[in-house]
Every structure is written in C-alpha cells, then in structure tokens.
Number of protein chains: 2
Amino acid sequence: MPRLVAADIVIELRKRISSGEWAENGRIPPERDLADEFGVARNTVRRAVGLLEQDGTLVRHVGRGTFLATVDPNSLGAVVARMEGTSPADMMEIRKLLEPAAASFAATNASTSELNSVREAHETACDSTDMPVFEHWDAEFHHRVFACSRNDFLKEIHNLMRILRNQSPWFEMKKRSFSEERRVTYCGEHQAILDALMQRDPDAARQAMLIHLQTVERNLLGR
Amino acid sequence: MPRLVAADIVIELRKRISSGEWAENGRIPPERDLADEFGVARNTVRRAVGLLEQDGTLVRHVGRGTFLATVDPNSLGAVVARMEGTSPADMMEIRKLLEPAAASFAATNASTSELNSVREAHETACDSTDMPVFEHWDAEFHHRVFACSRNDFLKEIHNLMRILRNQSPWFEMKKRSFSEERRVTYCGEHQAILDALMQRDPDAARQAMLIHLQTVERNLLGR
DNA sequence: CCTCCTTGAGCCATTATTGAACCAATTTGG
DNA sequence: CCAAATTGGTTCAATAATGGCTCAAGGAGG
C-alpha cells in the first residue's frame, strides 16, 4: 500500500470534477461514501477534500455536504488552470515573441557576472553527453537569459512557461524531439546567442535567439 | 561492480525524471524501494538522491517522501504571488511586446463576427463619458482583440495582466492618468487599430497597437 | 598501506493513515 | 413542530511509512 494516499485522492477527485461527473447539482458524495469507495479512512478523504477546499475548488457546509465552488473565470487560479491546457504550438508562438526580446534586454542590461552565469550554463550543457543533464542545463541557459533581462514580470512569465512545460503531456514530445545531432545544433545556436550578449549587441542577440527558437519549433512540432 | 555506483544512479534517476515517469504527482519512490529496485544499499541511493537534491532537482521531506522540485504545486502559486508585485514599467514593456503581436494575429485569424464584437466594444467605449464605464469597455476592447488572436495561451496571459492591473496600486495610477482629452485620444487610436483589423492588414494592426500603447505608457508613467 | 565508496544494519524524528468517538449544523420525515 | 438521520468538524491514540543519521565491515583503486 502506497503512502500519501490523500495526494492521490486529490488527483482522482480533480479528474472527476473536470470530467463533469458532479456538474449536475454541483454536489460531491459525502466524505464517508468517498472513503468507502476509495477504501481509505474518512480522515484521509477529509484531508484531500480540505486541500481542494483550500485552493478554491470546493466548498463545504456542515450538515449539507460538499459542493463544487462556483468558478470565477477571472480569478487568478482559473486563469492558471486554463493555461495548463496550452498547446505546444501556441506556446512556441509566445516564446518566439518573448525570448528574443528577453535576449535583447539582457544584452543591454545584464551585469558581467550575470553573463558569466549564462556562459557557465551554456558550457555545462555543451559538456553534457547525458540527455537529461543536457536538458536541465539547456533550460537553465534560457532561464538565466531571462534572469538578466531585468524585467521581473518577463522572468516570471518564463517561470510559468517552464512549469507548464514540465507537465506530463510535454514529456513525450520532448523525448521524441531530442537527438544527439540536435544537441550539437542547439549548442552552436546557444553559442551564437552568448556571443551576441557578450558583445552587448541587442539586435544580434534578438536575432540569434529567434533563429534558435525556430530550430526548436521545427524539431518540436515537426514543421 | 565498478565504483561510482551513486553517480550511475544519479544518471538513471535523471533519465526517469525527464521521461516523465513520476510527473503525475511529482513524487518519487521511497529510498528503500529504489534501493531494492537498483539492487544497492539504501545509503548509496541516499547519496544519489542527495546530489539531485543539491542541484535543485528534488526536494525531500522527512516522513513525507521525495518530490520533483519543478512540479511542486506551490511553485505555481509562488510565481503568481511574485507577479502581483509587478511594476507598471515592467508590465508596459511586456504589453508592448504582446499586444501588437496579438493585433497582428487577429488581423489574419479573426472571424467577421469576432471583429464585430471588437467594434462593438470600441463604439460603446467611445460613447461612454463616465470614467469607470469607459475604462471597462476600453479593457474589453483590448481583451476582444486578444480573444480573436486564436492563441489561447496569449489570451490567458492577457487575462493575467488584466487581473494584475485591477489591483489597488494600479487603480490610483489609472485614476491620475485619466482625463477627457486622453479619452478622446484613446478612441481615435482604437479606431485606427480597428480599421487595420477590418482591412485584414497585420502590419498596420501591429503598428497601430504599438502607437496606442506608447501613448498609454506616456500617460501612465509620465515619460 | 591508505583512502574512498559501498554494504548492511539499526535507531531516531517527522509525517501520514487508520479507526473510532463525539459534536454541530442541516435536512428529512412523520 | 419535533425527532431521527445525514453530514461536515474535531480530537485522539495507535500504527506505519519515510527521510536523517551513525557505525562497523568489506572492497576497489592509487
């Protein structure tokens, strides 16, 4: 028997909620019934339901039951939830808008030590023959470019995209799209970006980043 | 058995992590299970997991388990929380990146009825002399442009920005920057955007939106 | 020979789950 | 209107799972 049953129940409940299982009257079965159904103690179900209540998915009333919260489509939570369904094509389009701009900002705004940390990520990535390690430092390279763009909002948007890309539907796609040859290509393109940053040339940095993202897009979407 | 068993396990774990094996709930098996599976002592697994924890790939909690750092659901909340502190200057910079692109997309992708709904928002805004009413339809105009860009992710990013801009520090700023003269200016600029959309001219739409945002920026930041 | 890593074992501190009981608010049915 | 049933809220002790830590013995490589 695995542990952390509550977390698994949260996932299962989320699945059922989004599948519309209880959308009719918006009422969820009593905790005691759910406990029976999942074969766990009521306390465990209570913990799971509590988490869903905390993040605003459910509302509980003593003596009445537990209900789906009426979703405010303009709440931050709802917006982020909808973002989780973002398609790779849509996201690549936004990356092509934001990352070249971030590179351009970085060329003018970055401190020398920040640029060194970008170079460090680049070199570590190039030295990695192991795919997951390369992937990690590749992501780190892009992240550090955003970090020295000196626009905190831009940086956080990139964080958001990074989290979204770490959700399960993306894994298969990344796995399919990587190869040794492409790793070498990426290293060369990163080098061009880094060179432009070092030379403090915003336009060259923007251009180099755009070229790189077009390569990534081709590999990812097979265009 | 050669030495450096722990390093090999690090590589194997990285592989599995990047293949998405534990992406669903972000939890990796207990150290004791991994030790059994790899046929090594628990101490060795601990060393490997320790390395991955050190470089930020994993997070460990006594009594709970070991988790992928990137799928930590709190990290999404943390990102959004940090976004709430976004400065007007940073956001204007991003708006100037995204909204002209959205207008350009809209010029090519929008359906006729979508364009009509943009025009409707525009006309209602122009007819409003009351500041909160104008404000509402002004925001609605921009939102509808994003809505017909046919990029859901872009649309949600704009929703996010809209919510952030509706928080208190922004309210004062908007109130200060508003005047009858500016309202008329905005109406004219919106008209130019709408005309470009109606003529299905992406470049003109991008340009008109950029000009408008530069006006907004000047008024908002006093530059 | 010395150093570092692995092994296997044991114990600790923290956390999660269980099962139970009782309370408080609400609904249901007579 | 009242009583019973239903439902979430709270607490508690016992058990199990999990990472944190230490130690002694064995082994591989310099």
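Naming convention: chains lettered A, B, ... in sequence-line order (proteins, then strands); numbering from 1 in each chain. Every value quoted in this text rests on a predicted model; they were computed, and no experiment measured them.
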**OP:** Send over the distance from A:Arg47 CZ to D:dG9 P, rounded to a whole Å.
**Re:** 15 Å
Subject >> N/O donor-acceptor pair under 3.5 Å between A:Thr215 side chain and A:Ile211 backbone >> reply: yes
Original post:
A:Asp8 CG to C:dT17 P: how many Å, rounded?
Top reply: 9 Å
Original post:
Quick one: is D:dG19 close enough that its OP1 or OP2 comes under 4.0 Å of any side-chain N or O from B:Thr66?
Top reply: yes
Original post:
Does B:Arg42 make a side-chain donor-acceptor contact with the base of C:dG8, cut-off 3.5 Å?
Top reply: no
Subject >> Pairwise 5' ranking along DNA chain C for B:Val62 and A:Val45, keeping only the more 5' one >> reply: B:Val62
Subject >> N/O donor-acceptor pair under 3.5 Å between A:Glu156 side chain and A:Phe153 backbone >> reply: no
Original post:
What integer distance in Å separates A:Glu53:CD from D:dT7:C1'?
Top reply: 14 Å
Original post:
Tell me: CZ of B:Arg27 to P of D:dA17, nearest whole Å?
Top reply: 12 Å
Original post:
At under 4.0 Å, does any side-chain N or O of A:Arg64 touch on OP1 or OP2 of C:dT26?
Top reply: no
Original post:
C:dT18 phosphate, OP1 or OP2: any side-chain N/O from A:Thr44 under 4.0 angstrom?
Top reply: yes
**OP:** Return no unless some side-chain N or O of B:Arg60 is found under 4.0 Å from OP1 or OP2 of D:dG20.
**Re:** yes
Subject >> Value in whole Å for how far the P atom of C:dG8 lies from CD of B:Glu31 >> reply: 16 Å
Original post:
Distance from B:Glu12 atom CD to B:Leu34 atom CG, nearest 0.5 Å?
Top reply: 10.0 Å
Original post:
So, A:Arg95 side chain and A:Asp90 main chain: donor-acceptor pair closer than 3.5 Å or not?
Top reply: no
**OP:** Could you check whether A:Val40 gets within reach of a base, just the sugar-phosphate, or nothing at all, counting any heavy atom under 4.0 Å?
**Re:** sugar-phosphate
Original post:
What integer distance in Å separates A:Ile9:CD1 from C:dA16:P?
Top reply: 14 Å
**OP:** For a ring-ring contact (aromatic ring centres under 6.0 Å, His included) with A:His142, tell me which candidate from A:His212, A:His136, A:His158 qualifies.
**Re:** A:His212
Original post:
So, does A:Arg144 use its side chain to make a donor-acceptor pair with the main chain of A:Ser117 at under 3.5 Å?
Top reply: yes
Subject >> d(CG, A:Leu58; P, D:dG9) in whole Å >> reply: 11 Å
Original post:
Taking only N and O in the side chain of B:Arg46, is any of them less than 4.0 Å away from OP1 or OP2 of D:dG19?
Top reply: no
Original post:
What's the CG-C1' distance between A:Leu34 and D:dT6, to the nearest Å?
Top reply: 15 Å
**OP:** Side-chain contact test, heavy atoms from C-beta onward, threshold under 4.5 Å: evaluate it for A:Asn166 versus A:Lys174 and give yes or no.
**Re:** yes
Within the sub-3.5 Å range, which N or O atoms of nucleotides 22-24 of chain D have a protein N or O partner, and how far apart are they?
{"from": "D:dT22", "atom 1": "O4", "to": "B:Asn43", "atom 2": "OD1", "distance (Å)": "3.3"}
{"from": "D:dT22", "atom 1": "O4", "to": "B:Asn43", "atom 2": "ND2", "distance (Å)": "3.4"}

